[in-house]
Q: 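Let me begin by handing over the structure; questions about it come next.
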Amino acid sequence: MSTEKKEKRILLVGRSGCGKTTLADTITHGSATYHKTQAITRVGNFIDTPPGEYMENPNYYRGIILHAYDADIVIFMIPAGDETTIFPPSFGNSLNREVIGVVSKVDTGKDVEAPRRNLKLAGATKIFEISVHDQESLDRLCDYIYS
C-alpha cells in the first residue's frame, strides 16, 4: 500500500464477534491478534468501535455519527450466517459518509443472503464478501476503499 492509501480513515461498525478488529489487524499488520475492544480504538487507519452498546442501544447512535465525521468511509459488518441485524433501516444515510457493507467470515460456508439484505437495508451502497483467510477478498475490499 502506498502512503496515500494509508491516509484514508475507515470506521468499522458491527456487533461483537463479526470480525471488526480482526479485519483491521489483518489489513494493517498482516495478521490478527485477538483482543476485546472495550472503547473506540485506532488500529492503523481504522477506527474500531466497541461491540454492543454503540449499535444495540439507540442512545449511543450519536457516538457512531460523531466518529463518522473522522472517517472517509464507514464499513458496516455482519458475519455470514447472521440473520439478524443491529442496524436500523437507512442508518447509513445519517452518517454523511460513504457506507459500504462487509459480509465477513464467508469461509464458514454459512448463508450470505440475509447479511447482504440487512446491509442494503441499513444503507450500504456496495457490499463485499470477505474472509481474513482469503487474500483475494481482502485485496478487492482494499482496492475499493483505497481507490
Q: Report yes if the side chains of Val103 and Ile130 come closer than 4.5 Å at any heavy-atom pair, otherwise no.
A: no
Q: Tell me, which pairs form a side chain to side chain donor-acceptor pair (under 3.5 Å) where one or both residues lie in residues 112-129, sequence neighbours left out?
A: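 Checked against side chain to side chain donor-acceptor pair (under 3.5 Å) - neighbours excluded - the pairs reaching residues 112-129 are Arg116-Glu129.
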Q: Can you tell me how far SG of Cys142 sits from NZ of Lys8, rounded to the nearest 0.5 angstrom?
A: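 The distance works out to 11.5 Å.
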Q: Salt bridge (charged side-chain N to carboxylate O under 4.0 Å, His left out) between Lys105 and Asp82: does it pass, once the steps are laid out?
A: CA-CA 10 Å; Lys105 303 182 181 185; Asp82 193 342; over 6 Å; no
Q: What is the minimum heavy-atom distance between Tyr61 and Pro88, and which atoms define it?
A: OH-CG, 3.2 Å
Q: Are Leu12 and Ile47 side-chain neighbours, meaning at least one heavy-atom pair lies under 4.5 Å?
A: no
Q: Let me confirm one number: the CG-CZ distance from Asp25 to Phe46, rounded to the nearest 0.5 Å.
A: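 It is 9.5 Å, given to the nearest 0.5 Å.
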Q: Supply the atom-to-atom distance Met77 CE to Phe87 CZ, rounded to the nearest 0.5 angstrom.
A: 9.0 Å
Q: From Phe76 CZ over to Thr85 OG1, what is the distance, rounded to the nearest 0.5 angstrom?
A: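 Interatomic distance, Phe76 CZ to Thr85 OG1, rounded to 0.5 Å: 9.0 Å.
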Q: Any side-chain heavy atom of Asp134 sitting closer than 4.5 Å to one from Leu138?
A: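 In short, these two side chains do not touch, never coming nearer than 4.5 Å.
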Q: To check you understand the geometry: which heavy-atom pair defines the closest contact between Pro115 and Gly81, and what is its length?
A: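 Heavy-atom minimum between the residues: CG-N, 4.1 Å.
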Q: Once you round to the nearest 0.5 Å, how far does CG of Asp48 lie from NE2 of His67?
A: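 Rounded to the nearest 0.5 Å, the CG-NE2 separation comes out at 11.5 Å.
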Q: Is it the case that the side chain of Ser137 and the backbone of Ser131 share a donor-acceptor pair, with hydrogens and angles ignored and the cut-off at 3.5 Å?
A: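 Yes; judged by distance alone, with no hydrogens or angles, the pair exists.
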Q: Which heavy-atom pair separates Ala80 from Val106 by the least distance, and what is that distance?
A: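 In this case the closest contact between Ala80 and Val106 is CB-CA, 4.1 Å.
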Q: A side-chain contact here means heavy atoms from C-beta on lying under 4.5 Å apart; do Ile27 and Tyr146 qualify?
A: yes
Q: Count I, L, V, M, F, W, Y as connected when their side-chain heavy atoms are under 4.5 Å apart, and connections chain through other members. Are Leu121 and Val74 then in the same cluster?
A: no
Q: So if I apply the side-chain contact (heavy atoms from CB on, under 4.5 Å) rule between Ile145 and each of Val102, Ile73, Asn45, Asp72, which one comes out positive?
A: Ile73
Q: Decide if atom CD of Glu83 counts as having more than 12 heavy atoms of other residues, nucleotides or ligands within a radius under 6.0 Å.
A: no
Q: What distance separates Leu119 CG from Ile127 CD1, expressed to the nearest 0.5 Å?
A: 5.0 Å
Q: Nearest heavy-atom pair of Cys18 and Ser104: which atoms, and what distance?
A: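 Heavy atoms of Cys18 and Ser104 come nearest at O-OG, 2.5 Å.
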Q: In a table with atom names and distances, give each donor-acceptor pair under 3.5 Å that connects a side chain of residues 91-100 to protein atoms at least two apart or in another chain.
A:
unit_1	atom_1	unit_2	atom_2	d
Ser94	OG	Phe91	O	2.7
Arg97	NE	Ala68	O	3.2
Arg97	NE	Ala71	O	2.7
Arg97	NH2	Tyr69	O	3.0
Glu98	OE2	Tyr144	OH	2.4

